[in-house]
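Comments concern the structure below.
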Amino acid sequence: MKLMPNVELCIDCKKCERICPDNGIFVIEGISIKCMHCEKNPCLRVCPEDAIERIGDKVVLHKEKCVGCALCIEVCPIGAIRIDKCEMVAVKCNGCYGREDELCKLACPTDALEYSEKTVEQKQEKIISKLKKIYNCI
């Protein structure tokens, strides 16, 4: 199951951002932007250093292998990967790999982050649609 944002419930408190150990989640206009751990793994396939790997149902970035080429940023369909300006390496949600629950879900006061299987595609489309509107205004 994937952890998906519910834009109707997000109150833009950014608690999910603050608790993320990887700085891999950020909130824009009430949308929690985080890795969806895509089945097709475009970031993993484009990484020339094998710094990204699929471990179970998580797509995990190993910062120590990253060279900051930003190819993963270019192919991420939802813009969930960024460059850490201090370390000059890619940053993304690792899904709290190794933990039972993702910390962002535990921190969310409105349960705006929820596990879902049956509506993943519908939610992704809604999030991408809202993101396109935001990016068009920038």
Side-chain angles (χ1 to χ4, degrees):
M1 286 199 288
K2 295 182 187 247
L3 190 61
M4 301 289 298
N6 182 333
V7 295
E8 285 86 22
L9 295 177
C10 182
I11 58 172
D12 215 11
C13 69
K14 302 187 188 310
K15 286 184 178 184
C16 56
E17 275 187 6
R18 291 190 300 274
I19 199 164
C20 181
D22 296 311
N23 279 335
I25 186 170
F26 53 103
V27 180
I28 300 175
E29 300 277 330
I31 301 176
S32 298
I33 311 297
K34 64 181 289 306
C35 180
M36 298 291 184
H37 305 279
C38 303
E39 296 301 319
K40 293 182 181 174
N41 320 55
C43 58
L44 181 151
R45 292 193 278 165
V46 76
C47 182
E49 299 297 320
D50 294 324
I52 303 172
E53 74 172 309
R54 178 169 281 284
I55 303 174
D57 62 345
K58 308 288 182 189
V59 177
V60 178
L61 171 75
H62 302 285
K63 288 183 184 181
E64 67 279 359
K65 291 182 176 181
C66 180
V67 295
C69 70
L71 290 173
C72 55
I73 294 169
E74 295 297 320
V75 299
C76 180
I78 61 165
I81 306 174
R82 300 172 289 162
I83 289 287
D84 179 311
K85 303 273 191 238
C86 296
E87 297 181 45
M88 295 308 293
V89 295
V91 177
K92 70 175 271 318
C93 164
N94 280 337
C96 289
Y97 173 71
R99 296 181 184 268
E100 192 169 318
D101 278 316
E102 294 184 43
L103 294 175
C104 55
K105 176 171 178 33
L106 297 175
C108 184
T110 62
D111 290 325
L113 295 166
E114 58 193 8
Y115 289 106
S116 177
E117 267 186 287
K118 55 188 169 194
T119 61
V120 169
E121 291 82 14
Q122 293 170 348
K123 288 185 179 190
Q124 283 178 335
E125 286 175 22
K126 190 172 191 174
I127 291 166
I128 290 168
S129 172
K130 193 167 182 182
L131 280 173
K132 284 179 182 176
K133 289 178 186 173
I134 292 168
Y135 289 130
N136 286 334
C137 295
I138 298 176

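Here, residue 1 is the first one in the sequence, and each next residue gets the next number.
No donor-acceptor distance shorter than 3.5 angstrom exists from the side chain of Glu114 to the backbone of Pro5, with no hydrogens or angles considered. Proximity of a side-chain donor or acceptor of Asp84 to a complementary backbone N or O of Glu87 within less than 3.5 Å is detected. With hydrogens and angles disregarded, a donor-acceptor distance shorter than 3.5 Å links the side chain of Asn6 to the backbone of Glu8. In this structure a side-chain-to-backbone donor-acceptor pair under 3.5 Å is missing from Arg82 to Ile73.
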Met36 and Met4: CA distance, side-chain angles, deciding distance, side chain to side chain contact (heavy atoms under 4.5 Å, CB included) verdict: CA-CA 7 Å; Met36 298 291 184; Met4 301 289 298; 3.5 Å; yes

Pair Cys16-Leu113, side chain to side chain contact (heavy atoms under 4.5 Å, CB included): steps then yes or no: CA-CA 9 Å; Cys16 56; Leu113 295 166; 4.1 Å; yes

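The heavy-atom pair separating Lys65 from Glu49 by the smallest distance is O-CB, 3.5 Å. The two residues Ala51 and Cys66 come nearest to each other via the heavy atoms CB-N, 3.7 Å.
Atom CD1 of Ile25 and atom SG of Cys20 lie 6.5 Å apart (nearest 0.5 Å). The distance from atom CG of Asp101 to atom SG of Cys96, rounded to the nearest 0.5 Å, is 9.0 Å. Rounded to the nearest 0.5 angstrom, Cys38 SG and Leu44 CG are separated by 11.0 Å. Atom CD1 of Ile81 sits about 10.5 Å away from atom CD of Glu74, to the nearest 0.5 Å. To the nearest 0.5 Å, the span separating CG on Asn94 from SG on Cys35 amounts to 8.0 Å. Expressed to the nearest 0.5 Å, how far CG of Asn23 lies from CZ of Arg18 amounts to 12.0 Å.
With contacts defined as side-chain heavy-atom distances shorter than 4.5 Å, the pair Cys93/Asp22 does not qualify. Taking 4.5 Å as the limit, every side-chain heavy atom of Ile83 sits out of range of all side-chain heavy atoms of Val91. Side-chain atoms of Cys104 and Ser32, non-hydrogen and from C-beta on, never get closer than 4.5 Å to each other. Under the 4.5 Å side-chain criterion, counting only non-hydrogen atoms from C-beta, Lys34 is in contact with Leu3. Side-chain contact between Cys10 and Thr110 is absent, with no heavy-atom pair separated by less than 4.5 Å. Looking at Pro109 and Cys13, their side chains come closer than 4.5 Å, going by heavy atoms from C-beta outward. Annotation: side chain of Val59 is in contact with side chain of Ile52 (closest heavy-atom distance under 4.5 Å). Counting heavy atoms from C-beta outward, Glu64 and Val89 have side chains that stay 4.5 Å or more apart.
Looking at Lys14 and Asp12, a side-chain N of the basic residue comes within less than 4.0 Å of a carboxylate O on the acidic one, giving a salt bridge. One finds no salt bridge joining Lys58 and Glu53 here, because no Lys/Arg side-chain nitrogen approaches an Asp/Glu carboxylate oxygen to under 4.0 Å.
For Lys105, the NZ atom sits in a packed shell: over 12 heavy atoms of surrounding residues, nucleotides or ligands are nearer than 6.0 Å. Few gaps surround CZ on Arg54; more than 12 heavy atoms of other groups in view lie less than 6.0 Å from it.
A single hydrophobic cluster is seen to contain both Ile33 and Val7, as judged by linkage of ILVMFWY side chains at heavy-atom distances under 4.5 Å, directly or through other members.
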